[in-house]
2 protein chains.
Amino acid sequence: MHMIDSEEWCALNDVDVTATEEAAICSNYETGDVIFYEGDDVKGVYFVKAGLVGVRKADLEGNSTLLKLAEPGDTLGYRPLAADQPHRASAEAVNPSIICFIDKATVRQMIGENPALGLNFLKRAAKELGDAEEKFHESVTLSTRARFAHLLIVMQDRFGHATEDGSLQLTLPLSRSDMAAMLGVRPESVSRVIHELEGTGITHFAEREVTIRDPNSLMDVFIK
Amino acid sequence: MHMIDSEEWCALNDVDVTATEEAAICSNYETGDVIFYEGDDVKGVYFVKAGLVGVRKADLEGNSTLLKLAEPGDTLGYRPLAADQPHRASAEAVNPSIICFIDKATVRQMIGENPALGLNFLKRAAKELGDAEEKFHESVTLSTRARFAHLLIVMQDRFGHATEDGSLQLTLPLSRSDMAAMLGVRPESVSRVIHELEGTGITHFAEREVTIRDPNSLMDVFIK
DNA sequence: TGATCTATTTGACTAATATCATAGCAAGAA
DNA sequence: TTCTTGCTATGATATTAGTCAAATAGATCA
């Protein structure tokens, strides 16, 4: 994944994208390695070249929620940079990842010279804000079961594929605990919801291999 | 409240701010009047000149959550405009308000001619995104009591004032039901939390008049 | 003033999810 | 193999907040 192929950085011309890629420092992260911590000052942004990164928020009692997953092409840390705030969440490799750091002076220079880049980040922030507001609304409005169904649907979109018989296949990128952290519930509750979905025959879970036998019924579970 | 005094529009020069204000169509809204509906196409943005506006999201069962309050100087509708999405929430006057509509062609032209305006909206979106993520985290992590304490603290910051004896005074801009909608809980639960806080002596509620007798204890309630 | 309306509070009960304890199970290490 | 170790699942119980119904309190209006 090159920066030029990303939603945001594609605004740069050849010269600038080359300059930015040259200024970028790419590193390998193993599963579990931390990219930045909540509370850290923002030194720049991180472009995910390969792998999968989780963005987490923790509280005092040790509860942690998983706010989002970043895939190749995504840029991390632009939000606190734009807001002029310290990091309000930490980022950690969920899978082995290659991540390129671009210091904030370079980012600011590029945005200054290419207004379209700033607008792309505005668009990204605006979309994410809509999603975050939706997520809040769902968390207080829907049951754990419905939210898990929604998570499955989203995961299917991002990580799954259809099969010839109309069912959907999916390899979950996350453990049960991490899915629980995405929903803001306990892992036991996720286990119970999975057990329940199995009972209805809508889905089949084998470790992280999921078959969605009846996508329409799963949609119904999400809505209710 | 003039546009030039707002966090975002202050980026415009005198000529452009005058042009924008001339393009703006200002209207009066009574309490309860709707400014736009969830699902509507975005026709432009709304600058709140006076009053108080609530941004709401409803679901199929009629549950509604109050996502945020917009005060004079705030601009509504820029998020879906920037994201190129329809409105994902509705807006409604909580108090009688004066609101100026600016059509999206004008907004886009101004942003095109003044990159700083776009960056101001980026900063705004980035801050709101941080808040929204925090709100999700709180909603799944903290008790109703703690979240209500936090709401009180935020309300105090925005609408309250200190008194000479060290206690804090506040006139709530919202009904109990609307506070419940901000927290994503039922009005009965808000009543019970208020009753409980009264019992501890930390706060005193008389209709919408609130006295926070012991701000430190209120902070403790928030944290736990 | 009394009548009515709505918002709020209170109480009894129920439902949903967390908590805690324990057990199973797969993958890797000795 | 056998022993860990960590993740997942299950059962029993506790806690929290929701639901429903009724009472109360203000506000408005005739």
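Chain letters run A, B, ... following the sequence lines, proteins first and then strands; every chain starts at 1. FYI, side chains are in, hydrogens and waters are out, and symmetry mates aren't considered; it's all heavy atoms of this structure. No experiment lies behind these values; they were computed from the predicted model shown.
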*Asks:* If I take atom CD in residue A/Glu196 and atom P in nucleotide D/dT10, what distance separates them, rounded to the nearest angstrom?
*Replies:* 12 Å
*Asks:* Please report the distance, rounded to the nearest Å, between CD in B/Glu198 and P in C/dT8.
*Replies:* 15 Å
*Asks:* To the nearest Å, how far apart are A/Arg208 CZ and C/dA27 C1'?
*Replies:* 13 Å
*Asks:* Touch check for B/Thr144, heavy atoms < 4.0 angstrom, all strands: base, sugar-phosphate only, or nothing?
*Replies:* sugar-phosphate
*Asks:* Rounded to whole Å, how long is the line connecting atom CZ of B/Arg186 with atom C1' of C/dA16?
*Replies:* 13 Å
*Asks:* Using a cut-off of less than 4.0 Å, is there contact between a side-chain N or O of B/Ser191 and OP1 or OP2 of C/dT8?
*Replies:* no
*Asks:* Rounding to a whole Å, what distance do you find between B/Glu188:CD and C/dT10:C1'?
*Replies:* 10 Å
*Asks:* Quick one: closest heavy-atom pair of B/Ser97 and B/Ala93, and the distance?
*Replies:* OG-CB, 4.0 Å
*Asks:* Do A/Trp9 and A/Thr75 pair up side chain to side chain, a donor and an acceptor below 3.5 Å, judged on atom types alone?
*Replies:* yes
*Asks:* In terms of side-chain geometry, is the basic nitrogen of B/Glu134 or A/Lys57 positioned less than 4.0 Å from the acidic oxygen of its partner?
*Replies:* yes
*Asks:* Would you say A/Ser189 reaches C/dT17's phosphate, i.e. side-chain N/O to OP1/OP2 under 4.0 Å?
*Replies:* no
*Asks:* State which residue, out of A/Arg56, A/Lys68, A/Arg208, fulfils the salt bridge (charged side-chain N to carboxylate O under 4.0 Å, His left out) condition with A/Asp178.
*Replies:* A/Arg56
*Asks:* How long is the line joining CD of B/Glu207 and C1' of D/dA25, in whole Å?
*Replies:* 8 Å
*Asks:* Indicate whether OP1 or OP2 belonging to C/dT10 is found under 4.0 Å from a side-chain N or O atom of B/His195.
*Replies:* yes
*Asks:* Rounded to whole Å, please give me the gap between CZ in B/Arg192 and P in C/dT9.
*Replies:* 11 Å
*Asks:* Have a look at B/Val185 and say if it touches a base, only the backbone sugar-phosphate, or nothing, with a 4.0 Å heavy-atom cut-off.
*Replies:* sugar-phosphate
*Asks:* Quick one: B/Arg145 CZ to D/dG18 P, roughly how many Å, whole number?
*Replies:* 13 Å
